[in-house]
Asks: 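Here's a structure for you.
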Amino acid sequence: MAAEAASPPDDGGSDRLDPRITEIMRKPDYPNAQWGLLQQDPDSGRVVHSRFAEKLFIPGSVAKLFGTSGAWKTLGGDHRFRTPVYAVGERRGSTLAGDLDLVAQGDLTMGGRTRADGTVDYTDLDHTYANDFPGATLTPQNPLAGINRIARQVRNSGITRVEGNVVVDDRLFEPEPVFVPVPTPLIINDNLIDLLTTPGARPGAPARLDWRPKVAPYRVTSAVRTVAAGGPTDIEVTTSADGTRIKLSGTIAADSAPALKVSPIADPAAFGRTALIEALGRAGVEVTAKPTGANPVGRLPESYEGRQRVAQYTSPPYTQYAKLIFKVSHNLGANLAICLMAVAKGSQDCMDGFPVLADFLDHAGVDRKQVQLLDGRGGNPVDRTTPEAVVQMLTYWHHTPEAEVFRNALPILGVDGLLTDNCTDCPARGKVFAKTGAAVGLDALNDRLAVGAITIAGYLDKGDGRFDVFFAGVNGASTPTTDVSGVLDIANDLAMISAYLQEAAARRED
């Protein structure tokens with residue numbers, strides 16, 4: 001017997017739910033799924049729609065609203081990361097008899113995404129998702145931009161030779177393995193090597209390869225072959241145990257767009273050290289130490305009091321990093337937010353960021369007993385939230401002086417971020433500002449994808465500067481096959497629900 005489509009529960013709000021939303025919820029695609037919904041006027045507190053608003057749901061990346069908000073308010077939206085380099089040793093003219101120490105400060109991009117106007121660049125499908133979804137693209141900025149700027153500053157300080165070593169001081173916080181991906185005090189290119197494959201001139205020809213950032217001792221080779229137009233694009237990445245030898249194999253169709261893959265940087269501090277030594281060489285500063293190898297942390301001083309600062313890279317304000325995290329659902333940046341809250345309170349233990357977050361949520365009027373978190377990204381199996389808690393978080397921001405900045409940091413329906421391809425020609429385009437979320441894994445038993453959650457939460461523009469806050473989500477869905485396009489179909493259903501909510505909200509205000 002075929003399973004009957006689940007009927008959505010009665011609406012606990014004051015308005016009748018748009019029948020197009022009910023139709024989505026009753027699709028046969030969701031026979032065992034659980035829907036949650038809450039829409040509320042943040043000024044009056046009037047509940048427009050409510051379905052299981054006090055029940056815990058898997059949030060996916062909607063959980064980023066909590067941790068990133070906490071870091072934003074703890075650090076300050078105008079906070080800038082200042083990464084210094086100190087000369088530790090004796091200066092003899094243009095020679096430093098000693099070390100150059102770069103003191104990592106938890107800067108998420110180190111200039112690798114910074115535009116000329118000081119804003120942070122992003123693409124709608126970020127390179128950090130290149131191994132999960134097709135179509136990821138790169139920003140044009142040089143991932144080594146911050147490192148290169150530091151190297152030039154060292155040269156401008158008068159140093160042309162370092163008779164010692166270069167050391168990355170990564171003592172800001174201890175990496176927390178519970179977080180995936182694991183934040184590190186020094187991050188270059190999101191701790192990833194980008195691998196871009198372009199079809200060759202004709203079927204049978206080797207594919208063309210480009211990769212970045214090019215830093216020793218990393219080496220990349222490719223055995224990818226071009227196949228006929230319409231053929232399979234299937235590229236596999238394999239690495240050596242230390243991650244420094246990367247090989248691509250497989251096929252790319254002759255009519256394919258460039259295909260992006262990524263490979264992790266296994267030791268970010270050692271990578272950063274080598275990157276800086278190479279950049280110093282390009283800037284005209286000779287370093288006598290071997291450029292590759294382990295980062296020699298045993299040489300670090302207890303403090304830098306009295307040491308000469310010879311360079312410093314200053315980041316864009318944290319609001320720009322929050323925008324990046326929200327627009328592309330940047331997992332590393334969201335986890336880093338927890339560590340940065342710990343550092344702000346004087347701890348090197350990232351887990352100490354959670355009490356800071358708890359205090360912020362209490363201040364913001366969020367019932368944190370309705371939130372369960374063990375990371376900042378919303379990817380841990382224990383992560384849960386109620387629709388009510390999410391709406392409380394959004395309501396808090398609505399009543400702050402930074403309300404518009406926060407709202408515009410979220411993906412905008414049909415315009416940018418992870419909502420750029422949804423509802424591109426509908427009345428709600430540009431009128432929904434919302435963070436999306438997903439939790440997806442392989443259901444090996446049924447050869448399909450188990451979709452633990454697809455969620456969306458944010459603001460519905462009612463016109464004349466008025467907004468409703470909302471959460472919509474489905475837990476316990478699945479796709480017909482292992483094709484990731486099925487996940488995108490569910491995400492589009494949630495995006496359309498937000499569009500219908502916005503349309504109804506705008507009509508109600510007319």
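Below, each value reflects all heavy atoms present in this structure, side chains not excepted, and no hydrogens, waters or symmetry copies. Sequence positions, counted from 1, serve as the residue numbers for this chain.
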Asks: Could you give me the CA-CA distance, side-chain angles and deciding distance for D194 and L138, then say whether side chain to side chain contact (heavy atoms under 4.5 Å, CB included) is met?
Replies: CA-CA 8 Å; D194 297 318; L138 296 170; 3.4 Å; yes

Asks: Are the aromatic rings of F81 and Y313 close, with centres under 6.0 Å apart?
Replies: no

Asks: Parallel under 30°, tilted from 30 to 60°, perpendicular over 60°: which one fits the rings of Y304 and Y86?
Replies: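 Parallel.
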
Asks: Flag the pair D126 and R113 as a salt bridge only when some basic side-chain nitrogen lies within less than 4.0 angstrom of an acidic carboxylate oxygen.
Replies: yes

Asks: Could you check whether S315 and R80, counting side-chain N and O atoms only, form a donor-acceptor pair closer than 3.5 Å?
Replies: no

Asks: To check you understand the geometry: which heavy-atom pair defines the closest contact between F66 and L373, and what is its length?
Replies: CB-CD1, 4.1 Å

Asks: Between side-chain atoms of residues 226-234 and protein atoms elsewhere (two or more places apart, or another chain), which donor-acceptor pairs fall under 3.5 Å?
Replies:
from, atom 1, to, atom 2, distance (Å)
T226, OG1, G200, N, 2.7
T226, OG1, A205, O, 3.0
T233, OG1, A253, N, 3.0

Asks: Does N446 form a side chain to side chain donor-acceptor pair (under 3.5 Å) with D443? I'd like the steps, not just the answer.
Replies: CA-CA 6 Å; N446 298 291; D443 173 9; 2.8 Å; yes

Asks: Examine distances only and state if a side-chain atom of N295 and a backbone atom of V168 form a donor-acceptor pair shorter than 3.5 Å.
Replies: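 Judged by distance alone, yes, a pair lies under 3.5 Å.
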
Asks: Is a side-chain donor or acceptor of D190 paired with a backbone partner of L192 at a separation under 3.5 angstrom?
Replies: no

Asks: With a 4.5 Å heavy-atom cut-off, do L209 and L196 have their side chains touching?
Replies: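 Heavy-atom side-chain distance check fails, nothing below 4.5 Å.
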
Asks: So which atom in A344 and which in L75 form the shortest heavy-atom distance, rounded to 0.1 Å?
Replies: CB-CD2, 4.2 Å

Asks: Answer yes or no: is there a donor N or O on one side and an acceptor on the other, between the side chain of S69 and the main chain of L65, under 3.5 Å?
Replies: yes

Asks: Kindly indicate whether the side chain of T160, heavy atoms from C-beta on, has any atom under 4.5 Å from the side chain of R155.
Replies: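 When only atoms from C-beta onward are counted, R155 and T160 do touch, with a gap below 4.5 Å.
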
Asks: Using the ring-ring contact (aromatic ring centres under 6.0 Å, His included) rule, pick out the option among Y321, W397, F360 that qualifies with W72.
Replies: W397

Asks: Which heavy atom of I252 sits nearest a heavy atom of A259, and at what distance?
Replies: CD1-CB, 4.1 Å

Asks: Sub-3.5 Å donor-acceptor pair from the side chain of E278 to the main-chain atoms of A216, do we have one?
Replies: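 Yes, the answer is positive, given that a donor and an acceptor are paired below the 3.5 Å cut-off.
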
Asks: Does G70 offer a backbone N or O that forms a donor-acceptor pair with the side chain of T74 under 3.5 Å?
Replies: yes

Asks: Kindly say whether the aromatic ring centers of F271 and Y218 come within a distance under 6.0 Å.
Replies: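 Centroid separation for F271 and Y218: below 6.0 Å.
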
Asks: For R225 and T251, run side chain to side chain donor-acceptor pair (under 3.5 Å): C-alpha distance rounded to whole Å, both residues' side-chain angles, the deciding distance at 0.1 Å, then the answer.
Replies: CA-CA 5 Å; R225 308 294 294 184; T251 59; over 6 Å; no

Asks: Can V343 and Q105 be said to form a side chain to side chain contact (heavy atoms under 4.5 Å, CB included), step by step?
Replies: CA-CA 10 Å; V343 169; Q105 297 294 309; over 6 Å; no

Asks: Assess whether side chain to side chain contact (heavy atoms under 4.5 Å, CB included) is satisfied between T128 and L332, documenting all intermediate values.
Replies: CA-CA 9 Å; T128 54; L332 182 63; over 6 Å; no

Asks: Distance-only, no hydrogens or angles: does the R309 side chain make a donor-acceptor pair with backbone N or O of V85 under 3.5 Å?
Replies: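 Judged by distance alone, no pair lies under 3.5 Å.
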
Asks: Taking D210 first and then K214, would you say they form a salt bridge - that is, a charged N and a carboxylate O separated by under 4.0 Å?
Replies: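 K214 and D210: salt-bridged.
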
Asks: Hey, is the main chain of I265 close enough, under 3.5 Å, to the side chain of N191 for a donor-acceptor pair?
Replies: no

Asks: If every non-hydrogen atom of P183 is compared with every non-hydrogen atom of L336, which pair is closest and at what distance?
Replies: CG-N, 3.6 Å

Asks: Heavy-atom distance under 4.5 Å between the side chains of V262 and I193, does that happen here?
Replies: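 No, too far: nothing below the 4.5 Å cut-off.
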
Asks: Specify the closest pair of heavy atoms between G417 and Y122, including all atoms of both residues, with the distance to one decimal.
Replies: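 Looks like N-CE1, 4.4 Å.
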
Asks: If only atom types and distance count, is the side chain of D99 paired as donor or acceptor with the main-chain N or O of D101 below 3.5 Å?
Replies: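 No, D99 side chain to D101 backbone: no donor-acceptor pair under 3.5 Å.
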
Asks: Are E305 and R307 close enough for a salt bridge, meaning some N to O gap below 4.0 Å?
Replies: no

Asks: If I compare all heavy atoms of A495 with all of L413, which pair ends up nearest, and what's the gap?
Replies: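 The answer is CB-CD1, 4.1 Å.
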
Asks: Please assess Q348 against R171 for the test side chain to side chain donor-acceptor pair (under 3.5 Å), listing each intermediate value before the final yes or no.
Replies: CA-CA 8 Å; Q348 294 176 297; R171 296 177 293 186; over 6 Å; no

Asks: Charged N to carboxylate O below 4.0 Å: is that the case for E236 and K261?
Replies: no

Asks: Stepwise, does the side chain to side chain donor-acceptor pair (under 3.5 Å) test hold for D483 with S485?
Replies: CA-CA 5 Å; D483 189 337; S485 64; 3.1 Å; yes

Asks: Look up atom CG in D352 and atom CG in D349, then write down how far apart they are to the nearest 0.5 Å.
Replies: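 Interatomic distance, D352 CG to D349 CG, rounded to 0.5 Å: 4.5 Å.
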
Asks: Is a side-chain N or O of N156 found less than 3.5 angstrom from the main chain of R152, in a donor-acceptor match?
Replies: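 Judged by distance alone, yes, a pair lies under 3.5 Å.
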
Asks: Looking at V162, is its backbone amide N or carbonyl O close enough to the side chain of T288 to form a donor-acceptor pair, meaning the two atoms are under 3.5 Å apart?
Replies: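 Judged by distance alone, yes, a pair lies under 3.5 Å.
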
Asks: Can you tell me if N380 and D375 form a side-chain donor-acceptor pair at under 3.5 Å?
Replies: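 No - no donor-acceptor pair under 3.5 Å links their side chains.
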
Asks: Within the 3.5 Å criterion, strictly below it, is a donor on T139 or D121 matched to an acceptor on the partner's side chain?
Replies: no

Asks: Taking C-beta and beyond as the side chain, do I150 and M110 meet within less than 4.5 Å on heavy atoms?
Replies: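 With C-beta onward as the side chain, the pair touches.
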
Asks: When you look at L419 and I456, which way does the side chain to side chain contact (heavy atoms under 4.5 Å, CB included) test go after all the steps?
Replies: CA-CA 10 Å; L419 288 174; I456 186 169; 4.1 Å; yes

Asks: I need the T238 OG1 to L248 CG distance, nearest 0.5 Å.
Replies: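 It is 7.5 Å, given to the nearest 0.5 Å.
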
Asks: Say you draw a straight line from CG of L100 to CD1 of I159; how long is it, rounded to the nearest 0.5 Å?
Replies: 5.5 Å

Asks: Going through the distances and angles, do K73 and E402 end up as a salt bridge (Lys or Arg N to Asp or Glu O under 4.0 Å)?
Replies: CA-CA 10 Å; K73 284 299 182 179; E402 296 172 293; 2.8 Å; yes

Asks: Just by distance, no angles: are the side chains of S329 and K435 close enough, under 3.5 Å, to form a donor-acceptor pair?
Replies: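 A donor-acceptor contact under 3.5 Å links the two side chains.
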
Asks: Do other residues, nucleotides or ligands put more than 12 heavy atoms under 6.0 Å from the CZ atom of R149?
Replies: no

Asks: Of L96, N165, V166, L276, which is the lone residue that meets side-chain contact (heavy atoms from CB on, under 4.5 Å) with V287?
Replies: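 So the option named by the test is V166.
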
Asks: L442 versus T482: any side-chain heavy-atom pair under 4.5 Å?
Replies: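 Touching, per the 4.5 Å side-chain cut-off.
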
Asks: Within a strict 4.5 Å, meaning less than it, do heavy atoms of the I58 and R384 side chains meet?
Replies: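 Yes, close enough: below the 4.5 Å cut-off.
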
Asks: Is any NZ, NE, NH1 or NH2 atom of the basic residue among K327 and D416 found under 4.0 Å from an Asp or Glu carboxylate oxygen of the other?
Replies: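 Between D416 and K327 there is a salt bridge, with a charged N closer than 4.0 Å to a carboxylate O.
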
Asks: Do R115 and D117 sit within salt-bridge range, that is, some charged N less than 4.0 Å from a carboxylate O?
Replies: no

